[in-house]
Amino acid sequence: MQSLSIKELLTSKPSSQEVVINGWVKTFRSNRFIALNDGSTINNIQCVVDFEKLDEHLLKQINTGAALKITGALVESQGRGQSVEIQVTDLFVHGEADAESYPIQPKKHSMEFLREQAHLRIRTNTFSAIMRVRSALSFAVHNYFRENGFYYFHAPIVTGSDAEGAGEMFRVTTLDEKNPPLNKDGSVNHKEDFFGKETNLTVSGQLEAEAYAMGLGKVYTFGPTFRAENSNTSRHLAEFWMIEPEMAFFDLTDNMDLAEDFITNVIKYILEHCQEDLQFLEKRLLDEEKQKPQAERSEMPLIEKLNFVANNTFKRVSYTEAIDILRNSKPNKKKKFKYPIEEWGADLQSEHERFLVEKHFKCPVILFDYPAKIKAFYMRLNEDGKTVRAMDILFPGIGEIVGGSQREERLDVLKEKMAALDISEQELWWYLDLRKFGTAVHSGFGLGFERLVLFATGMGNIRDVIPFPRTPQNAEF
Ligand code: 4AD
Ligand code: MG
């Protein structure tokens, strides 16, 4: 008999017909009530066993964490909290879980402990809820772009270029680390390396996406990206998933419109499709907030916050306006910022971004027209000669969630910028070709998928919204 998912069963009408389900034991009470979960929903199904009919040996095998196959009749529940339950007629133990050593006991575990048990933490309500929301969000991403005429483009993972020019790359090489072939001057001879040149894991698929946008019109990437930045924060991963749409004939305003429409759309999708998980996460967050001092508590419950973002427009502010606001802000005057804002041109730190979003505007903010000096080489230079058509989207509790820009489509200007930053024309010959042959206004952005999942689930640490996080000094599992 084909087994049903618990999600399907919980919405079925009771009938005397026999059903079969598989799952893991959440709790086993009074030698009689098994709460079983199979990952299909946050809710467990209650299975009632007649322990007098069960042999003692079998009874001992039913502990939290054990995998069971249960056969029985789906009947109206006598207990509270569920409409149906299973009257067990047959029970098979796929695999036991030793009561003493199984790490995921039915009690509250710290997030730190669960990170060390990342292979088992998916058996908890919190992680199964997060990962179902993550899965729904990725579906919503593909769905959005499909419905809006974009093609899914697979950017290479191994590349020779440093798209962001930040030098935060993981090298890819097959050379013998103890005895690499050397050039006459003592430097490593990469001509003898696997690809015949220096290569690294990609930090962004943007440059390649630009090439494809200039033929397919509208494309997007959704894949893993890698950054060897030594940032041990709750917002940084060394391996994260990025969504990068790139559009021919889009200027910066079109780009901002798209980013806003895209984000609100995927949030609406999970509000519609993940209610039970979001309700669970909201309650979890409220319980957690009770432990915090009043001032640190968030102002809105999770679902209200998601609705607020989905249904309000983002505030658009130029970098120059933002600097004025920050310079005259209370924390700046009272020297509360770790990095005080003194002059136009200063790079914004996350303390500044969060002040703008959480204290000043109290809504998502799109900052645009940044100083050229603090942004990547490919951004289009404005007529003022000192700002570029960049945009960052800042979110409450997160800070930067999107970074994007209109791209420099003028060959001469791009070459000048590259020369000033010492970026080799030989390396990026193909990128320059895009400006030689049929160049056009074009734009795109990158959204850090885990930062979106952080926001959507209300979690506090990015390590808890990706299955197996990669961070400095940590690549277990
Ligand atoms: O602002 P970034 O560096 O922009 C780019 O890479 C552009 N090439 C994107 C484009 O225009 N196509 O990164 C984009 C986003 C950030 O806003 C942030 O959400 C996320 O990627 N991000 C990270 N997420 C987790 N861990 C990290 N170490 C991240 N670095 C960036
Ligand atoms: Mg950025």
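Residue numbers count from 1 along this sequence. Just so it is clear, the model here is predicted, and its values are computed rather than measured. Both counts, for ligands and for their atoms, begin at 1 and track the order of listing.
- A donor and an acceptor atom, one from each side chain of Asn183 and Lys191, are nowhere located under 3.5 Å apart.
- Side-chain atoms of Ser204 and Glu244 form a donor-acceptor pair, as typed in the model, at a separation below 3.5 Å.
- Ligand 1 has an N or O atom lying under 3.5 Å from an N or O atom of Ile401, backbone or side chain.
- The closest protein non-hydrogen atom to atom 15 (C) of ligand 1 is Gly446 O, 3.6 Å.
- Every atom of ligand 1 is numbered from 1 in the order shown, and the set under 4.0 Å from a heavy atom of Val402 is 17 (O).
- Under a 4.0 angstrom heavy-atom cut-off, Phe395 registers as lying outside contact with ligand 1.
- Distances from atom 8 (N) of ligand 1 to the heavy atoms of Arg470, Glu164, Met391 put Glu164 nearest.
- For a distance bound of 2.8 Å, the N, O or S atoms of Asp392 include none lying that close to the Mg ion (ligand 2).
- Distances from ligand 1 to the non-hydrogen atoms of Arg407 include at least one value under 4.0 Å.
- Judged by distance alone, with hydrogens and angles left aside, the side-chain atoms of Tyr378 form no donor-acceptor pair with the main-chain N or O of Leu414 at under 3.5 Å.
- For ligand 1, the atoms closer than 4.0 angstrom to any heavy atom of Gly403 are 1 (O), 9 (C), 10 (C), 11 (O), 17 (O).
- Distance alone, capped at 3.5 Å, is enough to place a donor-acceptor pair between the Asp193 side chain and the Thr174 backbone.
- Close approach of ligand 1 to Tyr378 is summarised as follows: ligand atoms under 4.0 Å from at least one heavy atom of the residue are 7 (C), 8 (N).
- To the nearest 0.5 Å, the span separating CG on Asn44 from CG on Leu36 amounts to 7.5 Å.
- Every atom of ligand 1 with a heavy atom of Met242 under 4.0 Å away is listed here by number and element: 6 (O), 13 (O), 14 (C), 15 (C), 21 (O).
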Inset, instruction - Determine, step by step, whether Phe145 and Phe262 satisfy the ring pair (Phe, Tyr, Trp, His ring centres under 6.0 Å) criterion, reporting the C-alpha distance in whole Å, the side-chain angles of both residues, the deciding distance to 0.1 Å, and the verdict. - result: CA-CA 8 Å; Phe145 287 120; Phe262 163 58; 4.8 Å; yes

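- Counting only heavy atoms from C-beta outward, the side chains of Lys218 and Met247 approach each other to under 4.5 Å.
- The ligand atoms of ligand 1 that sit less than 4.0 angstrom from a heavy atom of Gly448 are 15 (C), 19 (O), 20 (C), 21 (O).
- On a distance-only criterion, Ile462 and ligand 1 share no N/O pair closer than 3.5 Å.
- In the vicinity of Ser204, heavy-atom distances shorter than 4.0 Å reach the ligand 1 atoms 6 (O), 8 (N).
- Using modelled atom types and a 3.5 Å distance limit, the side chains of Thr233 and Ser231 yield no donor-acceptor pair.
- In Phe240, the part holding a heavy atom less than 4.0 Å from any atom of ligand 1 is the side chain.
- Atoms of ligand 1 found under 4.0 Å from any heavy atom of Glu244 (numbered from 1 in listed order, with element): 7 (C), 8 (N), 9 (C), 10 (C), 12 (N).
- Between the side chain of Arg380 and the backbone N or O of Ala390, no donor-acceptor pair lies under 3.5 Å.
- Contact check for Ser40 versus Glu8: no side-chain heavy atoms found under the 4.5 Å cut-off.
- If you check the side chains of Arg132 and Ser128, you find a donor sitting under 3.5 Å from an acceptor.
- For atom 26 (N) of ligand 1, the closest heavy atom belonging to the protein is Leu237 N, 2.9 Å.
- A donor atom on one side chain and an acceptor atom on the other are found under 3.5 Å apart for Asn474 and Thr471.
- The shortest contact between atom 18 (C) of ligand 1 and any protein heavy atom is with Arg451 NH1, 3.6 Å.
- Ligand 1 lies less than 4.0 angstrom from a heavy atom belonging to Arg235.
- Heavy-atom proximity to Gly404, at under 4.0 Å, picks out these atoms of ligand 1: 11 (O).
- The N, O or S atom of Glu400 lying closest to the Mg ion (ligand 2) is OE2.
- Residue contacts with ligand 1: Ser405 is excluded, as none of its non-hydrogen atoms falls under 4.0 Å.
- Side-chain contact check for Phe355 versus Phe337: some heavy-atom pair is nearer than 4.5 Å.
- Evaluated by nearest non-hydrogen atom to atom 13 (O) of ligand 1, the leading choice among Gln206, Arg227, Glu168, Glu246 is Arg227.
- For atom 17 (O) of ligand 1, the closest heavy atom belonging to the protein is Glu400 OE2, 2.6 Å.
- Residues Arg227 and Glu164 are not paired through a salt bridge, judged by the lack of any N-O separation under 4.0 Å between the basic side chain and the carboxylate.
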